[in-house]
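This report refers to the structure that appears directly beneath it.
Just so we're on the same page: letters track the sequence lines, and every chain starts at 1.
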Amino acid sequence: MILVYLRNDLPYSRFGFTASRRVGNAVQRNRARRLLRESIRLQLDHIEAGWDLVLIARPAILKQSFQQVDVSCKRLLAKAHLLTSSVAVPPEKDEIL
RNA sequence: AAUAAGUGGAGAACCGCCGCUGCCAGUAUCGACUUCAUGUUGUCAUUGGUAGAGGAACUUCCCGACUCCCGGCCAUCGAUUGCGAUGGCAAGGUUGCCUCACGAAACAGCAAGUGAGGGCGCCAGACCAGCAAUGGCCUGGUGACUACAACCGCAACAGAGAGUAGUCCCGCCAGCGGCCCUGGCAUCCGACCAGGGUGCGGGUAAGGGCUGAAAGGGUGGGGUAAGAGCCCACCAGCGGUCGUAGAGAUACGUCCGGCUAGGCGAGCGUGCAACCGGGAGCAAGGCGAGUGGGUCAGGCUGGCGUGAUACACACUGGUUUGAUCUCGUCGCAGUGACUGCCGGUGAGGCCGGAUAACACCCGGCAAACCAGGCGUCACCACGCCGAUUCAUCGGUGUGAGACAGAUGGCGGUAGCAGACAAAAACGUCUGUAACAGAAUCGGGGGUACAUCCACUUUUUCAUU
RNA sequence: CGGGGCGUAGCGCAGUCCGGUAGCGCGCACGGUUCGGGUCCGUGAGGUCGGAGGUUCAAGUCCUCUCGCCCCGA
């Protein structure tokens, strides 16, 4: 997946989820978006306010379970220094989405 | 019993927690309208309840409902600056052997597609007749089956020749031109005349050969130097007139014609025939606001959350100021019945007008019908409330409907599949489904599909 | 909801309109040139024309269905 973020100078953050036709057909694009949305929903309390974030799905997400997607998502947020409190971020492993 | 194919049906279970979208109800805040009080309604927050993808939702090959837009020329009639009605033509569109049926849902009509029967052509097989060529008949298969005899266009290579056919080889010919020989004109030569030869030029497409997917009727006679539909008779084939049979395609018969015409109408050219108003699509379109609404920022004020609680910060409703952008809403939602009302359609029917009369036509009526609206009732699924004989009854509520587009995540149980282990069972671990996601609705066709069930058929094995 | 286009050799494209030989450039292989490499010269290999069916004597080309990809309009 790809994370694009930009400071919006608002007291809250906004999120967008995108899956292009390269990801697959309508069913597969819907599933990719839902996985990303659920992963962000569980992290809402730990994400800094004042940012616009867009998560872009890549075709490899279809082969991953939700846990793998969630780990990748957390790792991306930590890399962008968008997490507020200390969240247990798993260490980097070999497989990277 | 296994296997494969086809057709039809089913096509993802249950419980808990968190989350999303619509609707309903309660609570609270603020605003608007109204009232003597009350109340109605909108928005946001929050709580509870409830509903929430498919057989193909895919595809877009089609049709319809529904909505909007548009229409050339001529004639007649009525009106008399635009217009309306009727008829015709043009343009455009569709179809292409015939009939019937399905698709086909108000009268009529309706496509993609499908079925049955028939006609004609072609192919294969059996039988019959005949020495044979061939013909007849039956069965099966197959055909996008209007016309290349209106026009335009196309055909590589090979071959003599491929579109008003053509002489390359073998043949045939001596009428014509040339050459040679003989004879005649008293003699020689030339010319001329007669006869013969030659196939060089030439004629000949009748016979054979060669090339190719394809090479321009058959028999007999006349005719000719030799031949040729060159001419004639008959036959085959083609076009047409008329008659008979049939619902029609068409078949049979008759006469006439020109004598032969080859192939490709899947060549999106074109001609012909028949039929038909056309086009766009819910991003259709209607309504409202634009002094409105959305977004952002500031002020005032209410709610709620957090913290260190007379305060600060975040979010949010109302109001107001500024900037910026068009926005909101309807269309838009169970199934079925009642015909209760309204609306619509109304072929055929009835009545009236019109006519000498009938038909057409005009007006009306109503049966029947409808995918439209309202209303009532029933049913299905689920929830809530009440009652009781504890399984029913009664009451009540809901029925996907978004507008960057809602169905997801986690845990557990069961089932299934695989692996370990194993005589089997128990057990442990892993995985959890194929094709695929609603956007106005309905219907037909096509395509994709794990697994299960039913039926039919193919093949193999076992038993009798 | 409607309209249009593309698919041909490893890659990029002609040929399709109007049927008959599948070709061009780069790349690849071999040989030559050079002390060696590149450049250059010569020779050569390589394509079920997305798939299925049909029309035709003959289909990359025409027709029908189907698969994949791309674009446009409201």
Which whole number of Å gives the distance between the [atom1] atom of [N] and that of [M]?
{"N": "A129(B)", "M": "C123(B)", "atom1": "P", "result": "25 Å"}
{"N": "C282(B)", "M": "G298(B)", "atom1": "P", "result": "43 Å"}
{"N": "U43(B)", "M": "A402(B)", "atom1": "P", "result": "14 Å"}
{"N": "U95(B)", "M": "G117(B)", "atom1": "C1'", "result": "22 Å"}
{"N": "G386(B)", "M": "C14(B)", "atom1": "C1'", "result": "31 Å"}
{"N": "G372(B)", "M": "G344(B)", "atom1": "C1'", "result": "8 Å"}
{"N": "G442(B)", "M": "C332(B)", "atom1": "P", "result": "12 Å"}
{"N": "G217(B)", "M": "U182(B)", "atom1": "P", "result": "49 Å"}

When both hydrogen-bonding distances must be under 3.5 Å and the geometry is Watson-Crick or G-U wobble, what is [N] paired with, if anything?
{"N": "G427(B)", "answer": "C420(B)"}
{"N": "G54(B)", "answer": "C435(B)"}
{"N": "U139(B)", "answer": "A124(B)"}
{"N": "C455(B)", "answer": "G6(B)"}
{"N": "C179(B)", "answer": "G197(B)"}
{"N": "G16(B)", "answer": "C410(B)"}
{"N": "G71(B)", "answer": "none"}
{"N": "G348(B)", "answer": "none"}

Partners passing side chain to side chain donor-acceptor pair (under 3.5 Å) against Arg33(A) (at least two apart in sequence or in another chain):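 Arg33(A) satisfies side chain to side chain donor-acceptor pair (under 3.5 Å) with Asn30(A) once adjacent residues are dropped.
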Donor-acceptor check, side chain of Ser39(A) to backbone of Leu35(A), threshold 3.5 angstrom: yes or no?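 No; zero donor-acceptor contacts below 3.5 Å.
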Identify whether the glycosidic angle of [N] places it syn (within 90° of 0) or anti.
{"N": "G307(B)", "answer": "anti"}
{"N": "A266(B)", "answer": "anti"}
{"N": "G427(B)", "answer": "anti"}
{"N": "G82(B)", "answer": "syn"}

Quick one: pull up NZ in Lys74(A) and CD1 in Ile40(A) and give me the separation to the nearest 0.5 Å.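 Rounded to the nearest 0.5 Å, the NZ-CD1 separation comes out at 11.0 Å.
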Give me the distances for all protein-to-nucleotides 54-57 of chain B N/O pairs that come in under 3.5 Å?
none

Output one line per pair: protein atom, nucleotide atom from nucleotides 401-411 of chain B, and distance, for all N/O pairs under 3.5 Å.
from	atom 1	to	atom 2	distance (Å)
U407(B)	OP2	Arg34(A)	NE	3.1
U407(B)	OP2	Arg34(A)	NH2	3.0
G408(B)	OP1	Arg34(A)	NH1	3.4
G409(B)	OP1	Arg31(A)	NH1	2.3
G409(B)	OP1	Arg31(A)	NH2	3.1

Each stem that RNA chain C is part of, given as range with range (3 or more consecutive Watson-Crick or G-U pairs, under 3.5 Å):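 Stem list for RNA chain C: C:1-7 with C:67-73, C:10-13 with C:23-26, C:28-32 with C:40-44, C:50-54 with C:62-66.
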Residues two or more places apart in sequence or in another chain: which of them pass side chain to side chain contact (heavy atoms under 4.5 Å, CB included) with Val4(A)?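 Result, side chain to side chain contact (heavy atoms under 4.5 Å, CB included) vs Val4(A): Ile2(A), Val54(A), Ile56(A).
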Check side chain to side chain contact (heavy atoms under 4.5 Å, CB included) between Leu36(A) and all other residues, then give those that pass, not counting sequence neighbours.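 If we apply the side chain to side chain contact (heavy atoms under 4.5 Å, CB included) test to Leu36(A), skipping adjacent residues, the hits are Met1(A), Phe17(A), Leu55(A), Ala57(A), Ile61(A), Val69(A).
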Rounded distance in Å - CD1 (Ile40(A)) to C1' (C20(B)):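 Nearest whole value for this atom pair: 16 Å.
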When the distance from CG of Asp70(A) to C1' of C18(B) is rounded to whole Å, what number comes out?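 Atom CG in Asp70(A) sits about 14 Å away from atom C1' in C18(B).
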